[in-house]
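See structure below.
Keep in mind that this is a model prediction, so the values were computed, not measured. The sequence lines fix the lettering, A, B, ..., with proteins before strands; numbering per chain opens at 1.
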Number of protein chains: 2
Amino acid sequence: MVIRQTMSTEDYLEAIALLANGGKPVTVTEISRFLGVKKPSVTHALRKLSAAGLVKHERYRDVTLSTEGAQMAQDVYRRHKALRQFLREILNVAPEVAEEDACRMEHFLSPVSLERLAKFLEFTLNSPHGEPEWLKGFSYYFEHGKRDEKLLARCRREDSGKG
Amino acid sequence: MVIRQTMSTEDYLEAIALLANGGKPVTVTEISRFLGVKKPSVTHALRKLSAAGLVKHERYRDVTLSTEGAQMAQDVYRRHKALRQFLREILNVAPEVAEEDACRMEHFLSPVSLERLAKFLEFTLNSPHGEPEWLKGFSYYFEHGKRDEKLLARCRREDSGKG
DNA sequence: ATGGAGTGTTAGCCAAAGCTAACTAATTCG
DNA sequence: CGAATTAGTTAGCTTTGGCTAACACTCCAT
């Protein structure tokens with residue numbers, strides 16, 4: 001798949017939001033370090049974001065998000081978190097890989113799908129009796145390449161009980 | 001989120017593969033129509049793909065995929081299908097939305113995550129007793145905003161039976 | 001208060017992927 | 001067969017987002 005070497009507006013907003021959460025004022029240098037991009041690229045991006053009203057930035061000064069900018073950043077980050085959590089906690093993908101995939105996919109999840117994914121995670125991970133059986137079943141299936149006989153047996157008992 | 005107005009190499013490969021499956025020879029015009037891009041853009045892209053050895057194309061002639069090109073196209077399409085199926089059949093997202101989201105995300109799913117997602121779908125959708133209970137439970141949860149009392153009650157019985 | 005280190009900006013370049021306009025090749029049909 | 005239509009290409013421009021080199025501003029430490 002594709003290695004992205006170009007940042008989008010959303011990446012800048014997300015980065016600024018994350019850095020701002022660190023408490024310290026957000027600087028061009030830090031954004032540059034965070035995104036792995038040179039400082040002129042950041043300045044360039046900030047001009048656009050500023051023109052779009054997403055960011056407040058006076059020359060040589062710190063950067064802050066506008067209300068809309070913060071909103072957008074939060075939306076991106078929500079998608080990021082949902083995707084990462086799905087990859088890690090449902091699919092059991094390694095944390096670093098989950099993070100990378102989430103970073104790249106976060107820009108492309110529609111609001112509808114996000115809503116459903118979030119609900120799905122909520123439903124699954126806040127299950128009232130701890131990790132659901134089926135999720136354990138999936139771990140088994142993934143590791144052994146077949147379904148867990150014990151669980152299957154139990155299902156069969158339930159099926160016959162119902163019929 | 002982002003509206004992509006620029007196609008990647010992978011989009012062209014996938015399009016060519018899909019059109020080739022239609023049986024008819026693949027032309028610049030068709031690729032152009034399929035991707036919603038002007039013909040010079042296709043010619044341009046084909047030059048690159050051809051240089052990269054992913055596509056066979058002589059001037060004014062039809063287009064075919066090379067072995068590696070076909071391989072890459074298949075990889076993209078596999079990601080596409082897995083994502084679409086997850087969105088549709090697990091999250092119950094509307095088909096058109098699922099298709100669009102899959103189209104945009106397909107380029108960014110790592111091999112590891114794809115493998116796990118595919119297994120997850122296999123595990124869930126080939127369940128030996130039809131649609132799993134938990135998936136029905138999630139539908140209920142999504143529509144009603146709370147868990148299905150009947151299922152919860154049954155779980156409680158099982159819990160006490162185990163303890 | 002000022003000079004230098006470090007931070008930020010500007011100017012100007014490159015590459016990718018689009019586009020339109022204008023051209024050339026291929027094909028079809030009278 | 002040859003002209004007209006369709007298909008494909010080329011040239012050249014635009015935008016976007018990088019980059020480097022060089023310049024400008026800040027601010028701390030002397």
Side-chain angles (χ1 to χ4, degrees), chain A residues 1-16 19-20 22 24-65 69 72-73 76 103-104 106-108, chain B residues 1-16 19-20 22 24-65 69 72-73 76 103-104 106-108:
Chain A
M1 82 256 69
V2 171
I3 307 298
R4 237 153 41 66
Q5 78 286 20
T6 183
M7 299 295 154
S8 74
T9 289
E10 291 189 340
D11 290 303
Y12 281 98
L13 290 176
E14 193 186 17
I16 294 165
L19 292 169
K24 285 169 301 204
V26 178
T27 65
V28 168
T29 301
E30 281 198 67
I31 299 172
S32 149
R33 259 202 292 270
F34 186 86
L35 291 178
V37 131
K38 298 298 176 184
K39 287 188 279 191
S41 305
V42 176
T43 301
H44 189 66
L46 288 178
R47 206 187 339 267
K48 287 192 53 177
L49 290 168
S50 200
L54 298 169
V55 132
K56 293 201 206 345
H57 181 226
E58 293 171 38
R59 295 166 83 254
Y60 297 103
R61 297 281 128 152
D62 296 337
V63 181
T64 55
L65 292 172
M72 271 189 71
V76 183
C103 266
R104 284 176 287 140
E106 68 189 5
H107 309 294
F108 306 105
Chain B
M1 81 258 66
V2 171
I3 308 297
R4 235 152 41 66
Q5 78 286 18
T6 183
M7 298 296 154
S8 73
T9 289
E10 291 188 342
D11 291 302
Y12 281 97
L13 290 176
E14 192 186 17
I16 294 165
L19 292 169
K24 285 169 301 204
V26 178
T27 66
V28 168
T29 300
E30 281 200 66
I31 299 172
S32 150
R33 259 204 292 270
F34 186 86
L35 291 177
V37 132
K38 300 296 177 186
K39 287 189 279 192
S41 305
V42 176
T43 302
H44 189 66
L46 288 178
R47 205 188 340 267
K48 286 192 52 177
L49 290 168
S50 200
L54 297 169
V55 133
K56 292 201 205 347
H57 180 226
E58 293 171 38
R59 296 164 83 258
Y60 296 103
R61 297 280 131 159
D62 297 336
V63 181
T64 55
L65 291 172
M72 270 189 71
V76 183
C103 267
R104 284 176 287 139
E106 69 190 4
H107 309 294
F108 306 105

[X] [atom1] to [N] [atom2], straight-line distance once rounded to whole Å:
{"X": "B:D11", "N": "C:dA17", "atom1": "CG", "atom2": "C1'", "result": "12 Å"}
{"X": "B:I31", "N": "C:dA17", "atom1": "CD1", "atom2": "P", "result": "15 Å"}
{"X": "B:E10", "N": "C:dA17", "atom1": "CD", "atom2": "P", "result": "12 Å"}
{"X": "A:R33", "N": "C:dT7", "atom1": "CZ", "atom2": "C1'", "result": "11 Å"}
{"X": "B:R47", "N": "C:dA15", "atom1": "CZ", "atom2": "C1'", "result": "15 Å"}
{"X": "A:L46", "N": "C:dT9", "atom1": "CG", "atom2": "C1'", "result": "11 Å"}

Grab the two heavy atoms, one from [X] and one from [Y], that are nearest each other, plus how far apart they are.
{"X": "B:H107", "Y": "B:S8", "result": "CE1-OG, 3.7 Å"}
{"X": "B:Y12", "Y": "B:V37", "result": "OH-CG1, 3.6 Å"}
{"X": "B:D11", "Y": "B:E106", "result": "OD1-OE2, 3.8 Å"}
{"X": "B:F34", "Y": "B:A15", "result": "CD2-CB, 3.5 Å"}
{"X": "B:K38", "Y": "B:S32", "result": "C-OG, 4.0 Å"}

Item to complete: Please step through side-chain contact (heavy atoms from CB on, under 4.5 Å) for the pair B:L13 and B:V76, ending with a clear verdict.
Response: CA-CA 8 Å; B:L13 290 176; B:V76 183; 5.6 Å; no
Worksheet item: When all nucleic acid strands are considered with a 4.0 Å heavy-atom cut-off, which category describes B:T29: base, sugar-phosphate, or nothing?
Response: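 Answer is sugar-phosphate: B:T29 comes under 4.0 Å of backbone atoms only.
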Discussion item. One character per nucleotide, please: for nucleotides 13-25 of chain D, 5' to 3', B when the base has a protein heavy atom closer than 4.0 Å, S when only the sugar-phosphate does, - otherwise.
Written reply: ----BSBBB--BS
